[in-house]
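The structure appears right after this line, and notes come after that.
Indexing begins at 1, ligand by ligand and atom by atom, following the structure's order. These figures come from a predicted structure and were not determined experimentally.
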Amino acid sequence: MRLAGKAAIVTGAGTGFGEQIAHRFAEEGAMVVVADINEDNGKRVAADIEGAIYCKVDVTNTLQVRAMVQTCVAEFGGLDILVNNAGIVQKKTPLQDLLEEDFDKIFAVNVKSIFFSAVHVIPVMKKKGGVIINLGSTGAVRPRPGLTWYNASKGAVVTLTKSMAVELADDNIRVNAVNPAISDTAMLLDVLGGEDTPEGRNKLISTIPLGRMTAPKDVANAALYLASDEAKFITGVCMEVDGGRCI
Ligand SMILES: NC(=O)c1ccc[n+]([C@@H]2O[C@H](COP(=O)([O-])OP(=O)(O)OC[C@H]3O[C@@H](n4cnc5c(N)ncnc54)[C@H](O)[C@@H]3O)[C@@H](O)[C@H]2O)c1
């Protein structure tokens, strides 16, 4: 059991990568808060995991993020691991065509949420250390066209991960990121520009040396490693889980 007795929050755990991360952490002994804005999905995932609880949260709302942290501490006696996984993508579009409101939403969900979580989580973790894992993307380091503002938000995640790691090292809080390549989750349709065709999928896969998309389980296993004591000397790393896409 690599996370025995650890209390973890996984945001956006109602589906996709977050759902798999929540399951994987629980398999290794963690007590998991399944945090998601989507109540039906969050409750479904929490019900599937023994000992997990669901917490409804909009990660762009600082009061709700504070309540999420308080729920974890009240239910599980502390908070050891936070996975900032909730994120949204933009529909593939020329960079000058994105609406201002969509730009703001992307940065609120993908970047500002990490600021809010830091504000509320660091005071709790400071007492005995902890682990923060952020979901970046290969788009941060090897951007694809048509996703410029999403890529930029993930670029911010990469930079803030390294900066947080350096600033929080004295408090024994490790901060790392996982950079997945494209995956067959709810986001795929937008990345494909709204039309899911075998040709569109093959075009994406053809740029990945290992010849397939990232699977949610690949991301969950990487997050598990980074959360575990096996990675206790690893901080500030943004780990590509991408079948070689970024080479
Ligand atoms: N799927 C990919 O191809 C891919 C590739 C690289 C990185 N990522 C990143 O991985 C993370 C997870 O992606 P995914 O593919 O599992 O996405 P997904 O769309 O399948 O799931 C995202 C989850 O986040 C939740 N969510 C959205 N906005 C929220 C908010 N304001 N507050 C709380 N929860 C909210 C949704 O309800 C959903 O359950 C994201 O940060 C994404 O940018 C995804």
Side-chain angles (χ1 to χ4, degrees), residues 9-24 33-46 54-69 82-92 102 104-117 133-144 146-147 149-158 160-161 177-192 196 200-201 204-205 207-208 212-220 222-223 238-243 245-246:
I9 296 174
V10 183
T11 69
T15 185
F17 294 164
E19 178 175 0
Q20 287 302 317
I21 293 167
H23 276 279
R24 196 72 190 89
V33 177
V34 173
D36 204 292
I37 199 169
N38 184 312
E39 210 165 330
D40 289 345
N41 282 340
K43 283 185 175 166
R44 174 185 57 78
V45 173
Y54 168 64
C55 178
K56 185 175 170 78
V57 66
D58 176 351
V59 294
T60 69
N61 180 312
T62 191
L63 294 179
Q64 292 185 28
V65 174
R66 185 175 71 179
M68 171 185 79
V69 174
L82 167 71
V83 185
N84 286 309
N85 166 78
I88 55 170
V89 74
Q90 64 176 97
K91 190 174 267 183
K92 193 173 177 200
D102 290 336
D104 287 343
K105 190 154 185 223
I106 288 167
F107 272 77
V109 180
N110 295 1
V111 183
K112 200 175 185 186
S113 63
I114 302 181
F115 165 59
F116 287 153
S117 73
I133 298 168
N134 299 322
L135 260 289
S137 168
T138 52
V141 279
R142 187 137 191 241
R144 293 184 192 273
L147 299 170
W149 308 113
Y150 171 76
N151 293 334
S153 75
K154 293 302 183 178
V157 172
V158 165
L160 68 84
T161 295
V178 178
N179 287 344
I182 185 66
S183 184
D184 191 358
T185 67
M187 283 191 180
L188 179 62
L189 192 60
D190 280 336
V191 174
L192 286 167
D196 189 348
R201 286 174 175 245
L204 293 172
I205 292 170
T207 64
I208 300 176
R212 65 167 173 85
M213 295 185 190
T214 298
K217 278 207 168 128
D218 299 323
V219 175
C238 300
M239 184 191 282
E240 270 92 54
V241 180
D242 68 345
R245 157 83 184 146
C246 288

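- In this structure, of A86, A13, A186, the residue bringing a heavy atom nearest to atom 19 (O) of ligand 1 is A186.
- For ligand 1, the atoms sitting less than 4.0 Å from at least one non-hydrogen atom of I182 are 3 (O), numbered in the order shown with element in parentheses.
- For atom 35 (C) of ligand 1, the nearest protein heavy atom (residue, atom name, distance) is I37 CG2, 3.6 Å.
- If you number the atoms of ligand 1 from 1 as listed, the ones under 4.0 Å from a heavy atom of P180 come out as 5 (C), 6 (C), 7 (C).
- Atom numbering of ligand 1 starts at 1 in the shown order; those under 4.0 Å from a heavy atom of N38 are 37 (O).
- Close N/O approach between D58 and ligand 1 is found [any backbone or side-chain N/O within under 3.5 Å].
- Residues D242 and T138 bring no donor and acceptor atom of their side chains to less than 3.5 Å of each other.
- With rounding to the nearest 0.5 angstrom, the CG atom of D36 is 11.0 Å from the CE atom of M68.
- The protein atom (non-hydrogen) at minimum distance from atom 42 (C) of ligand 1 is M187 CE, 3.3 Å.
- With hydrogens left out, the protein atom closest to atom 10 (O) of ligand 1 is F17 CD1, 3.2 Å, a heavy atom.
- With hydrogens left out, the protein atom closest to atom 7 (C) of ligand 1 is G136 O, 3.2 Å, a heavy atom.
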Checklist entry - Are N84 and S117 close enough, and set up right, to give a side chain to side chain donor-acceptor pair (under 3.5 Å), and what steps lead you there? => result CA-CA 8 Å; N84 286 309; S117 73; 3.2 Å; yes
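- Taking atom 30 (C) of ligand 1 as the reference point, the nearest protein heavy-atom neighbour is V59 CG2, 3.6 Å.
- Applying the 6.0 Å contact sphere to NZ of K112 captures no more than 12 heavy atoms from other residues, nucleotides or ligands.
- How far CE of M239 is from OG1 of T161: 12.5 Å, rounded to the nearest 0.5 Å.
- A distance of 4.0 Å separates CZ in R201 from CG in D184, rounded to the nearest 0.5 Å.
- Looking at ligand 1, you won't find any N or O of T138 less than 3.5 Å from one of its N or O atoms.
- Residue V57 places a heavy atom less than 4.0 Å from ligand 1.
- Side-chain contact between L192 and L204: present, with at least one pair of heavy atoms (C-beta onward) separated by less than 4.5 Å.
- Counting heavy atoms from C-beta on, the side chains of Q20 and T185 never come closer than 4.5 Å.
- For atom 2 (C) of ligand 1, the closest heavy atom belonging to the protein is S183 N, 3.7 Å.
- When non-hydrogen atoms are compared, ligand 1 lies under 4.0 Å from the side chain of K154 (C-beta onward) but not from its backbone.
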Checklist entry - Passes side chain to side chain donor-acceptor pair (under 3.5 Å), R144 versus T207? Steps please. => result CA-CA 11 Å; R144 293 184 192 273; T207 64; 3.0 Å; yes
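- The shortest N/O to N/O separation between T60 and ligand 1 does not fall below 3.5 Å.
- In this structure, N85 counts as a contact residue of ligand 1, since one of its heavy atoms falls inside 4.0 Å of the ligand.
- Counting all heavy atoms, side chain and backbone alike, L135 lies closest to P180 at CD1-CG, 3.8 Å.
- Distance from atom 21 (O) of ligand 1 to its nearest protein heavy atom, with residue and atom name: T15 CG2, 3.4 Å.
- Judged by the shortest distance from any of its heavy atoms, G139 lies outside the 4.0 Å radius around the atoms of ligand 1.
- In this structure, atom 14 (P) of ligand 1 lies nearest to the protein heavy atom T185 OG1, 3.7 Å.
- A salt bridge between K91 and D102 is absent, with no side-chain N of the basic residue lying under 4.0 Å from a carboxylate O of the acidic one.
- Atom CG in N85 sits 10.0 Å away from atom CG in N134 (nearest 0.5 Å).
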